[in-house]
Amino acid sequence: MVQPSLTVRKEGVGRCTKVHRNFNLEKLRNGYLFTEIARRELQHLEKYPNAKVISLGIGDTTQPIPDNISMSMANYARALATAEGYRGYGAEQGNKELRKAIAETHYKDVLVKESEVFVSDGSQCDIARLLLVLGSNVTVAAQDPSFPAYIDSSVIVGQAGDLEDEVGKYCNIEYLECGPGNNFFPDLKGTSRTDIIFFCSPNNPTGHAATQNQLEQLVEFARNNGSIIIFDSAYAAYVTDGCPRSIYEIPGAREVAIEISSFSKFSGFTGVRLGWTVVPEELLFSSGFPVINDFNRIICTCFNGASNIAQAGGLACLSSEGLEAVHSVVDYYKENTKILIDTLASLGIKVYGGINAPYVWAHFPGRKSWDVFAEILEKTHITTVPGSGFGPGGEEYIRISGFGHRESILEASRRLEALF
Amino acid sequence: IARRKAAHMLKYPDAEVISLGIGDTTEPIPEVITSALAKRSYALSTQEGYSGYGAEQGEKPLRAAIASTFYKDLGIEEGDIFVSDGAKCDISRLQIVFGSNVTMAVQDPSYPAYVDSSVIMGQTGEFQKDAEKYGKIEYMRCTAENGFFPDLSTVARTDIIFFCSPNNPTGAAATREQLTRLVQFAKDNGSIIVYDSAYALYISDDNPRSIFEIPGAKEVAIETSSFSKYAGFTGVRLGWTVIPKELLFSDGFPVAKDFNRIVCTCFNGASNISQAGGLACLSPEGFKAVHEVIGFYKENTDIIVETFNSLGFKVYGGKNAPYVWVQFPGRSSWDVFSEILEKTHVVTTPGSGFGPGGEGFIRVSAFGHRGNVLEACKRFKHLYK
């Protein structure tokens, strides 16, 4: 614990202000998971400067953006130097054309209107904005394991309560365990009601895509409890076996669900920054006030829209030429993932996921995931992500991502074969 | 404002409405900068040029360029700079860092995002209709009488003090002496100043461009800024926030560490393409071009100032910012806004939209094509002759 109230610090860095630190931030025990992974990777590189480290940890895309898409962005950028092509502030909700294209491409068969689509600079950002809309007095449920931003943002906004160190869980969060035992879908009968339910499918990190039946149960659960589902469909493009790609494929979802998604893993836009959130008009707070009105207010006050150049790129992604190109890149990553599944399976390691998502969820029974992470890194120079970083339900698992150049994936497979 | 403008355009479909309301840049971005934006875009389709996730704090060369361009010799380093997708977004992220239990002070009038984000975070009390103020916010009156700098002896202590200079909407640039008093006030009270310097490059005289020009500021201040009004990046989205290592919470915990955590968890960095543009803005050629565009808007501002002066109005601002703050004593600013819109088809911004201290004023922004600015001024002269 840092020394108390003195106005002069020992290290002589400076005088303290009298502003109290936000106690919610004190509840975050560690740094953000992926920051920690990056740090460990760097540490490892310092130790082994000649090692060819292969990153299958942070799910970062590696393949170039298709030509026609980057060309559109370049053209848009060039046009900003001309009187006719210059654009200033855009609508905070996003460029109309892009909102329309998203509604028509991703929600072709379900009833999502252009006006319900809000363009963002990525899901991680919209998760925080959604929690700002909801405020600190709501209760939250999240899958266990899950993408850390849901719970971390919930802690930051003050919804999570204290961390119970021994179990590694926040006391006000309802953890929905997802494992092989329950087919990666929580037992809703044993689940307490919360205001908000975060649900990601296809799932990061387990790779499981919820079936129509499972999502129907989830929507019914939300309807019965008067809860709001925040459905993360960032990996929908990776679905192979016909599982739903959008929560709105489930009847009744419009009255209970918000859907967030991203161009990151879809178009390699991890650095370009573009995503969207759908808030249906029918989604109402208990007072009858439309959630979309509050979300719009947050967007207009706390945001100023996604970069117009990124949005031009997004529009190009959704042209027929763009979609075709983008799907080839997705297929490339899917093939990578298949190689990893095959490798691990052949080594007798129980693997999950990988069919509907670019992540393989490998089980190492009885072992601590950070130990397995460290062993793999030390002995094969491959970065992965320890499952416990995604929640206590991830202990004993390692997440291996399928993003990478094919040669790296093949080399990684060789090294894993040698190790195990 | 947008709603009223739309209604007006429906009523007068043939009117040539001129927008001097929302401060939206209108002039094209210099080619040296758009080439860099285009180049980065193309590069993303190549093996060597592709990049995925960037550091959430921003690309190193850009952080370094910001430090050396704006904070040379002020003891601010690359590591203190956090690249954003704009000041408005960083204001909210700072509010998330601070949480709901802090108190804040704003200038009155001020850019609405400070108060609005504070309300959203739960830092304020209820809106008091009669006073047109939120409970628990300390409003620091900035008037013509006090030279648009608050009388700090009448200001209660708050944890956070938002201060914008050059100011939106009044156009006032605080002097070194005034900022020294502000920093002292913050030191005495153990407060944190959030200093918005988005218009610093519009300064014509030798007023400070950064709060860090004031000795001791590093222990009390955060500075936020933007490429929006410098490089026409209002749609491209790029800005930055400076948090010195020396800025500490009451328990000694560095504010920068908490901001970093928010940036890593609630954000994922500014667009890599925008950042490439930002770097080009700060190259010698780019920075020169940026100054030319700023010069253009400053000339616009001069024209507007001259117009209202010649009509006998009390005119403020306009010298160090692209905003002209025109007084209409005893009149409701919304009434004046409506009158101007109705009779000249020019959109401005009513001062009361920036807080009760803005009542009796109109903000005229100087962003616009020269032809439109000249035409608008012609119409003002006709209306108020």
Side-chain angles (χ1 to χ4, degrees), chain A residues 2-3 5 9 13-22 24-25 28 31-32 35 58 60-62 64-67 70 73-74 77-78 80-83 86-90 121-122 124-125 128 132 135-136 149 152-153 156 158 268 270-273 298 301-305 307-310, chain B residues 24-26 28-31 34 37-38 41-42 44-47 50-54 85-86 88-89 92 96-102 113 116-117 120 122 159 190-192 218-220 234-237 245-246 248-253 258 261-262 264-269 271-274:
Chain A
V2 183
Q3 63 189 326
S5 63
R9 275 175 59 76
V13 174
R15 283 158 43 151
C16 298
T17 61
K18 289 187 188 145
V19 181
H20 294 301
R21 192 178 168 215
N22 182 345
N24 291 324
L25 294 183
L28 289 170
Y32 192 51
T35 310
I58 294 167
D60 194 8
T61 46
T62 54
I65 291 173
D67 272 346
S70 62
M73 293 195 286
R78 285 198 197 289
L80 293 171
T82 68
Y86 180 72
R87 295 288 180 274
Y89 284 119
D121 61 326
Q124 199 161 277
C125 318
L132 275 181
S136 54
D152 285 6
S153 302
I156 287 166
T270 37
V272 175
R273 309 307 318 145
I298 298 296
T301 305
C302 305
F303 187 47
N304 235 326
S307 175
N308 50 13
I309 301 170
Chain B
D24 193 8
T25 47
T26 54
I29 295 173
E31 255 187 68
T34 55
L37 292 165
S41 302
Y42 282 130
L44 292 172
S45 61
T46 66
Q47 291 279 6
Y50 180 75
S51 60
Y53 284 119
D85 61 325
K88 197 191 215 187
C89 317
S92 287
I96 292 175
V97 170
F98 298 139
S100 54
N101 285 342
V102 295
D116 289 357
S117 59
I120 286 166
D159 294 304
S191 308
I192 295 176
K218 292 210 289 267
E219 286 163 359
V220 295
T234 37
V236 174
R237 309 308 316 146
K245 298 174 209 52
E246 293 89 326
L248 310 171
F249 285 115
S250 56
D251 65 355
F253 195 88
D258 272 348
R261 186 53 149 101
I262 297 303
C264 291
T265 307
C266 305
F267 186 49
N268 235 326
S271 177
N272 48 13
I273 300 170
S274 307

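- You'll find the side chain of B:C266 reaches within 4.5 Å of the side chain of A:I156, heavy atoms only.
- Using a 4.5 Å heavy-atom threshold, the side chains of A:R273 and B:Y53 count as touching.
- Ranked by heavy-atom pairs under 4.5 Å with chain B, the list A:I298, A:I65, A:V19, A:L80 is led by A:V19.
- Between chain A and the residues B:D159, B:I29, B:I120, the largest count of heavy-atom pairs under 4.5 Å involves B:I29.
- Of the atoms belonging to A:T35, it is side-chain heavy atoms, and not backbone ones, that fall under 4.5 Å from chain B.
- Remark: A:N24 engages A:N22, A:K27 in a side-chain contact (heavy atoms from CB on, under 4.5 Å) (not counting sequence neighbours).
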How far apart are the C-alpha atoms of B:T265 and A:S153, what are their side-chain angles, what is the distance that settles it, and do they pass the side chain to side chain contact (heavy atoms under 4.5 Å, CB included) test? CA-CA 7 Å; B:T265 307; A:S153 302; 3.9 Å; yes
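- B:N101 is not listed as a side-chain neighbour of A:H20, based on a closest heavy-atom distance of 4.5 Å or more.
- If you take SG on B:C264 and CG on A:L28, they are separated by 11.5 Å, rounding to the nearest 0.5 Å.
- Distance alone, capped at 3.5 Å, places no donor-acceptor pair between the B:S250 side chain and the A:T17 backbone.
- The closest side-chain heavy-atom distance from A:S307 to B:D85 is not below 4.5 Å.
- Without hydrogens or angle criteria, B:Y50 side chain to A:G268 main chain gives a donor-acceptor distance under 3.5 Å.
- Smallest separation of non-hydrogen atoms from A:R78 and B:Y42: NH2-CE1, 3.4 Å.
- With a 4.5 angstrom heavy-atom cutoff, A:T62 touches chain B only via backbone atoms.
- Only the backbone of B:T46 comes within contact range of chain A, with heavy atoms under 4.5 Å apart.
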Is there a side chain to side chain contact (heavy atoms under 4.5 Å, CB included) between B:I96 and A:L132? Walk through the geometry before answering. CA-CA 9 Å; B:I96 292 175; A:L132 275 181; 4.2 Å; yes
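- Checked against ring-ring contact (aromatic ring centres under 6.0 Å, His included), A:Y32 has the following partners two or more places apart in sequence or in another chain: A:F34.
- If you tally non-hydrogen atom pairs under 4.5 Å between each of A:A310, A:G90, A:S70, A:A128 and chain B, the highest count goes to A:S70.
- Nearest approach of B:K88 to A:N304, heavy atoms of both residues: CD-ND2, 3.4 Å.
- Summarising the geometry of B:G52 relative to A:T270, their closest heavy-atom pair is CA-OG1, 3.1 Å, with the distance given to 0.1 Å.
- Side-chain atoms of B:I273 and A:V272, non-hydrogen and from C-beta on, do get closer than 4.5 Å to each other.
- Residue contact with chain A, scored on non-hydrogen atoms closer than 4.5 Å, involves the backbone of B:S191 exclusively.
- Counting heavy atoms from C-beta outward, B:I262 and A:L25 have side chains that approach closer than 4.5 Å.
- Considering only heavy-atom pairs separated by less than 4.5 Å from chain A, the leading option among B:S45, B:A38, B:G99 is B:S45.
- In terms of heavy-atom proximity, A:T301 sits nearest to B:S117 at CG2-N, 4.0 Å.
- Residue A:R21 comes nearest to B:D251 through the heavy atom pair CD-OD2, 4.1 Å, listed as atom of the first residue, atom of the second, then distance.
- Interface summary for chain A: among B:R261, B:Q47, B:E31, the most heavy-atom pairs under 4.5 angstrom belong to B:R261.
- For B:V102, the part lying near chain A is the side chain, with the backbone staying farther off; criterion is any non-hydrogen pair under 4.5 Å.
- The shortest non-hydrogen separation linking B:F249 to A:C16 is O-CB, 3.4 Å.
- Your options are B:G54, B:S51, B:C89, B:G86, and the one with the most heavy-atom pairs under 4.5 Å with chain A is B:C89.
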